[in-house]
Amino acid sequence: MKKLKDILYGVAIESIVGSTGIVIEAIQFDSRKVQNGVLFVAQKGVVSDGHDFIPMAIEKGAVAIVCETLPEHCKTGMVYVVVANASEALGLISSNFYDNPSSKLKLIGVTGTNGKTTVASLLFELFSSLGYPCGLLSTVKIAYQNKEWANSHTTPDALTLNKHLSDMVNIGISHCFMEVSSHGIAQSRITGLSFTAGIFTNLSHDHLDYHGDFKSYRDIKKVFFDQLPKTAFALTNIDDKNGAFMLQNTKAKIYTYAVKCHADYKAQILECEFSGMLLKIQDQELWTSLVGEFNVQNILAVYAVTELLGESSIEILKQLSLLKPIRGRFETFQTEE
């Protein structure tokens with residue numbers, strides 16, 4: 001439980017009706033889940049408008065409403081907070097409510113069209129094998145402390161994200177690896193999160209049904225790196241023509257990786273077989289059971305992040321050689337003759 005005034009820290013408020021000294025027991029943006037003592041955040045979504053459900057939220061026990069437009073008839077005794085963007089407000093409010101959990105662990109965000117799941121999952125497996133208590137927020141699953149939850153979105157909503165991050169902090173998780181989707185960025189689901197690092201994998205013509213055109217899709221990815229703090233580092237794939245563009249305005253420390261051109265982190269394929277590949281990474285050889293040139297870039301990104309987070313190259317290569325392909329991501333199968 002927290003006072004409303006405390007969880008509104010950093011929110012762009014336009015006006016307030018009522019007292020922000022009231023106590024908030026929980027936050028909801030789904031009116032069906034509202035109970036007594038709840039702060040209801042009315043978001044304007046793609047399919048529906050949360051403002052239409054304000055009366056239902058009040059009827060079910062909401063004590064305060066965050067909205068972009070004040071209702072025509074305000075209920076006496078109810079607190080209304082009008083904000084510029086309710087989705088951004090939800091991100092900040094969720095983070096404040098859970099005591100900004102992302103700032104209390106190392107949160108690594110991975111974005112791009114392809115490779116997000118593989119890079120985030122391999123990092124989770126690698127750091128776990130190094131003895132760190134880790135968390136994973138991916139398309140495949142949410143996982144930590146030997147527990148797993150199904151995930152219906154690449155990037156969960158801000159409330160779910162902060163709840164899981166808070167639980168991770170409470171049990172001593174030190175590193176969390178997270179897929180950051182273009183939808184998640186556009187819908188402000190990551191607003192309020194403190195990232196230790198951001199990784200860019202690549203960009204292709206996907207998700208244009210949502211973003212409209214490639215430029216909009218590319219630009220929303222860039223927002224993630226624009227928002228990284230100067231205390232973070234940003235790692236980009238400069239084999240992709242959009243790699244350098246992503247980091248043009250970032251305040252984070254910049255690092256690059258590539259297979260085909262000069263970069264801070266470089267890899268080369270020495271041998272490629274059905275059973276795996278022999279690679280040279282930073283002039284050191286590595287055998288991996290992962291196959292495909294795209295996986296060379298994924299492995300290189302994982303190597304770079306792990307070294308930038310302070311691990312020794314010898315230990316990284318040792319653990320990388322033990323990693324198996326991510327289930328459902330270009331696995332190989334051999335049949336009997």
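Because the structure is predicted, anything quoted here is derived from the model rather than measured.
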Verify whether one side chain among N298 and N295 offers a donor that lies under 3.5 Å from an acceptor in the other. yes

Does one hydrophobic cluster hold both W149 and Y98, with members joined at side-chain heavy-atom distances below 4.5 Å? no

Ignoring hydrogens and geometry beyond distance, is a side-chain donor-acceptor pair present between E307 and Y265 at under 3.5 Å? yes

Cation-pi check for F245 against K222: NZ or CZ below 6.0 Å from the six-membered ring centre and within 45 degrees of the axis, yes or no? yes

Got a salt bridge between K215 and D213, using NZ or NE/NH1/NH2 to carboxylate O under 4.0 Å? no

Within the distance-only criterion (no hydrogens, no angle test), does the side chain of S289 pair as donor or acceptor with the backbone N or O of L323 below 3.5 angstrom? yes

Set out, in order, the CA-CA distance, both residues' side-chain angles and the distance that settles side-chain contact (heavy atoms from CB on, under 4.5 Å) for L161 and T155, then state yes or no. CA-CA 8 Å; L161 277 175; T155 305; 4.1 Å; yes

Go through the side-chain N and O atoms of D239 and Q297 and say whether any donor and acceptor fall under 3.5 Å apart. yes

Checking H164 side chain against I142 main chain: does a donor-acceptor pair fall under 3.5 Å? no

Looking just at side-chain N and O atoms, do N100 and S95 make a donor-acceptor pair shorter than 3.5 Å? yes

Do the side-chain N and O atoms of Q43 and S87 include a donor-acceptor pair separated by under 3.5 angstrom? yes

Report whether L193 and F97 are members of the same hydrophobic cluster (ILVMFWY, side-chain heavy atoms less than 4.5 Å apart, transitive linking). no

Taking L4 as the starting point, is it possible to reach V82 by hopping between hydrophobic residues whose side chains are less than 4.5 Å apart? no

Side chains of T118 and T201: does their closest heavy-atom pair fall under 4.5 Å? no

Tell me yes or no: between the side chains of E311 and T306, is some donor less than 3.5 Å from an acceptor? no

Joint hydrophobic cluster, F29 plus I190, side-chain heavy atoms closer than 4.5 Å: no

Sort out for me which residue in F127, Y144, F124, F177 forms a ring-ring contact (aromatic ring centres under 6.0 Å, His included) with Y132. F127

Counting only heavy atoms not in K104 (residues, nucleotides, ligands), do more than 12 fall under 6.0 Å from its NZ? yes

Hydrophobic cluster membership, I254 vs M246, 4.5 Å side-chain cutoff: yes

